[in-house]
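Here's the structure, in structure tokens; my notes come after.
Along the sequence shown, residues are numbered consecutively beginning with 1.
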Amino acid sequence: MLPTLEHRLAAEIAAKPAQIVAAVALIDEGATVPFIARYRKEATGGLDDVQLRLLEERLRYLRELEARRAAILESIAEQNKLTPELRETILLAPDKAQLEDLYLPYKPKRRTRAQIAREAGLAPLAEALLADPTLTPETEAARYLREPFATADGDNPGVADAKAALDGARQILMEHFAEDAALLQGLREYLQDHGVVQASVIAGKEAAAEKYADYFDHAEPLAAMPSHRALAVFRGRREDLLDVRLRLDSETAPPAWNDPPNPCEARIAARFGIADRGRPADRWLLDSVRFAWRAKVGMHLETELMGALRARAETGAIDVFARNLRDLRLPAPAGPRATMGLDPGLRTGVKVAVVDATGKLVDTATVYPHQPRNDWDGALHTLGLLAAKHGVALIAIGNGTASRETDRLARDLIKRHPELKLTSVVVSEAGASVYSASEFASRELPDLDVSLRGAVSIARRLQDPLAELVKIDPKSIGVGQYQHDVNQSELARTLDAVVGDCVNGVGVDLNTASAPLLARVSGLSASVAQAIVARREVHGRFATRAQLREVPRLGEKTFEQAAGFLRIMDVDNALDASAVHPESYPLAERI
């Protein structure tokens with residue numbers, strides 16, 4: 001038997017089965033990964049958030065595998081074909097691919113040419129020629145002629161002549177070869193080690209495919225192909241500019257019919273005892289092997305392995321995106337200081353927004369220091385007045401178009417006004433334009449022109465990057481490659497997990513956090529986050545974490561999941577400003 005689910009997960013994430021049992025129980029109860037990682041260490045034996053994320057992902061896969069295993073066993077049992085040996089083999093299948101291989105002979109299919117041949121009574125012919133190659137195919141086939149007839153599944157053309165009989169027998173053998181689970185697994189493993197991804201430009205499309213020039217004649221081992229190149233060739237194929245196929249490393253050109261058997265064809269032949277020994281049926285059987293490989297088995301495995309390559313490439317791309325997103329969201333905040341945000345531009349000018357120490361917008365302007373107006377001195381004058389008027393301490397400069405020129409403007413301002421003690425910092429403006437046009441920005445800054453909202457976002461993301469970036473869809477920040485080519489639901493799930501881990505790792509000020517930021521806290525939904533903000537607007541600041549229980553729709557389970565990540569600053573009970581969970585207050589107070 002396969003190891004239990006707990007033992008398999010324990011081996012995969014380097015933990016003990018008891019830790020897995022405890023973690024799975026908590027996940028099933030609705031506990032979030034950040035909550036388990038921080039507040040249930042004693043139950044899980046100290047599993048960290050990386051291990052718990054992997055556990056959550058693999059738990060989902062293995063449960064899907066077990067559900068599919070049960071469905072397959074039930075389907076075969078309903079056909080009265082489930083032998084004890086087959087049941088044991090299915091129970092031992094370690095992954096979805098091998099499980100589907102075993103199910104293939106029993107899987108309900110549309111009416112195939114092999115099934116039509118069986119209806120016509122050609123199965124004995126196929127079995128006889130495979131079992132005894134000394135038989136002459138044409139002579140044997142002549143015994144199976146039959147007039148057309150009707151069946152419950154549709155009309156059958158019958159068997160008109162010996163050629164039709166042999167064609168039908170070949171279809172039966174091809175299906176037989178293609179449904180041998182042990183053979184398929186061996187061929188799959190061989191192709192994984194010896195497969196080559198071959199990409200070439202489609203004839204006549206060289207000009208349109210210029211951006212894929214590196215792949216006009218490109219070959220690379222399947223096992224070693226990095227994610228960015230795999231996603232590039234798949235995009236080229238999807239745009240109908242590149243021809244992409246999987247070939248064996250022993251092939252240098254499209255194989256001809258009379259070529260010697262390739263290693264995969266040799267494996268099929270060996271599996272069924274087929275060899276060229278000069279017997280009457282040997283040539284026919286070898287041709288059947290070649291047909292089976294080229295028209296059935298090879299195509300099936302190519303589709304599967306190229307799909308696996310794409311999935312692996314997407315996972316790699318999503319991991320890079322997640323790492324970049326984490327790095328972007330977790331720089332140290334500059335803190336509550338009045339900040340001037342500069343959204344650089346040339347023709348349209350530099351948009352300026354000043355926010356106070358709490359992030360509230362207090363002033364805006366647009367200056368034109370660059371081409372075509374070149375009003376450098378006028379821009380410095382305007383910026384100097386704004387900085388003095390609002391006690392600006394920091395200047396945040398977006399890193400987009402004209403960023404270097406605008407950074408030079410800020411440094412010139414600092415030189416001219418040393419008394420203001422200004423500091424300038426270039427920050428990422430990724431996603432600022434998306435925020436500017438978003439529904440949340442419209443509610444947050446309803447009377448401000450869209451072009452100026454980006455400058456507000458740039459200023460705030462210097463004060464507190466995490467609190468500001470959480471307002472933007474992670475996919476819109478653009479810190480990854482091929483983000484539109486990968487599985488969108490998987491990308492969204494991964495990026496949401498990264499954002500959640502960042503927010504919960506840092507903690508959130510309950511009395512200042514926006515609804516989008518609160519919605520990322522463990523256990524809180526968007527509606528509950530909005531309810532917290534609404535309660536704060538009506539009743540004022542939260543004085544204790546316990547007051548969270550007064551928020552509509554925030555029950556005990558939600559309180560348990562969220563309370564430890566919500567901070568209340570400047571209150572009598574210092575524990576409310578710490579990472580100590582309310583359930584541990586009595587212990588902390590005794591200590």
Requested in this report: Show the numbers, then the answer: is there a side chain to side chain contact (heavy atoms under 4.5 Å, CB included) between Leu92 and Gln98?
Outcome: CA-CA 10 Å; Leu92 288 172; Gln98 294 188 43; over 6 Å; no
If you measure only the distance, is there a donor-acceptor pair under 3.5 Å linking the side chains of [X] and [Y]?
| X | Y | value |
| --- | --- | --- |
| Glu239 | Tyr212 | yes |
| Tyr215 | Glu220 | no |
| Gln463 | Arg460 | no |

Requested in this report: Give the C-alpha distance, both sets of side-chain angles, the deciding distance and a yes or no for side chain to side chain contact (heavy atoms under 4.5 Å, CB included) between Asp101 and Arg188.
Outcome: CA-CA 11 Å; Asp101 287 348; Arg188 179 182 292 113; 2.8 Å; yes
Salt bridge or not for [X] and [Y], using N-O below 4.0 Å?
| X | Y | answer |
| --- | --- | --- |
| Glu66 | Arg69 | yes |
| Glu64 | Arg60 | no |
| Asp214 | Arg229 | no |
| Arg443 | Glu439 | yes |

Query raised in the report: Quick one: does NZ or CZ of Arg535 land under 6.0 Å from the six-membered ring centre of Phe542, within 45 degrees of the ring axis?
Result: yes
Query raised in the report: Any chance NZ of Lys16 has more than 12 other-residue heavy atoms, nucleotides or ligands included, within less than 6.0 Å?
Result: no
Requested in this report: Flag yes if more than 12 heavy atoms outside Lys96 fall under 6.0 Å of its NZ atom; otherwise flag no.
Outcome: yes
Query raised in the report: Which pair of non-hydrogen atoms, one from Asn504 and one from Arg38, has the smallest distance, and what is that distance?
Result: O-NH2, 3.3 Å
Query raised in the report: Of the non-hydrogen atoms in Val244 and Val233, which two are nearest, and what is the gap between them?
Result: CG2-O, 3.7 Å
Requested in this report: Report yes or no: does Arg453 contribute a side-chain atom to a donor-acceptor pair with the main-chain N or O of Glu444 at less than 3.5 Å?
Outcome: no
Report task. Hey, can you tell me if His581 and Phe35 have their rings parallel, tilted or perpendicular (30° and 60° cut-offs)? Result -> perpendicular
Query raised in the report: For Arg8 and Glu12, what are the C-alpha separation, side-chain angles and deciding distance, and is it a salt bridge (charged side-chain N to carboxylate O under 4.0 Å, His left out)?
Result: CA-CA 6 Å; Arg8 275 181 281 174; Glu12 290 184 20; over 6 Å; no
Query raised in the report: Can you tell if the side chain of Lys557 reaches within under 4.5 Å of the side chain of Glu560, non-hydrogen atoms only?
Result: yes
Requested in this report: Check whether any side-chain heavy atom of Gln371 sits under 4.5 Å from a side-chain heavy atom of Leu346, and report yes or no.
Outcome: no
Query - Positive for salt bridge (Lys or Arg N to Asp or Glu O under 4.0 Å) with Asp501, one of Arg520, Arg323, Arg53 - result: Arg53
Requested in this report: Give the C-alpha distance, both sets of side-chain angles, the deciding distance and a yes or no for side chain to side chain contact (heavy atoms under 4.5 Å, CB included) between Leu548 and Leu510.
Outcome: CA-CA 10 Å; Leu548 278 166; Leu510 180 58; 3.9 Å; yes
Report task. Apply side chain to side chain contact (heavy atoms under 4.5 Å, CB included) to the pair Asn399 and Asp407, showing each step before the final yes or no. Result -> CA-CA 9 Å; Asn399 65 346; Asp407 182 40; over 6 Å; no
**Report entry** Identified side chain to side chain contact (heavy atoms under 4.5 Å, CB included) partner of Leu222 from the options Leu191, Leu246, Val196
**Finding:** Leu246
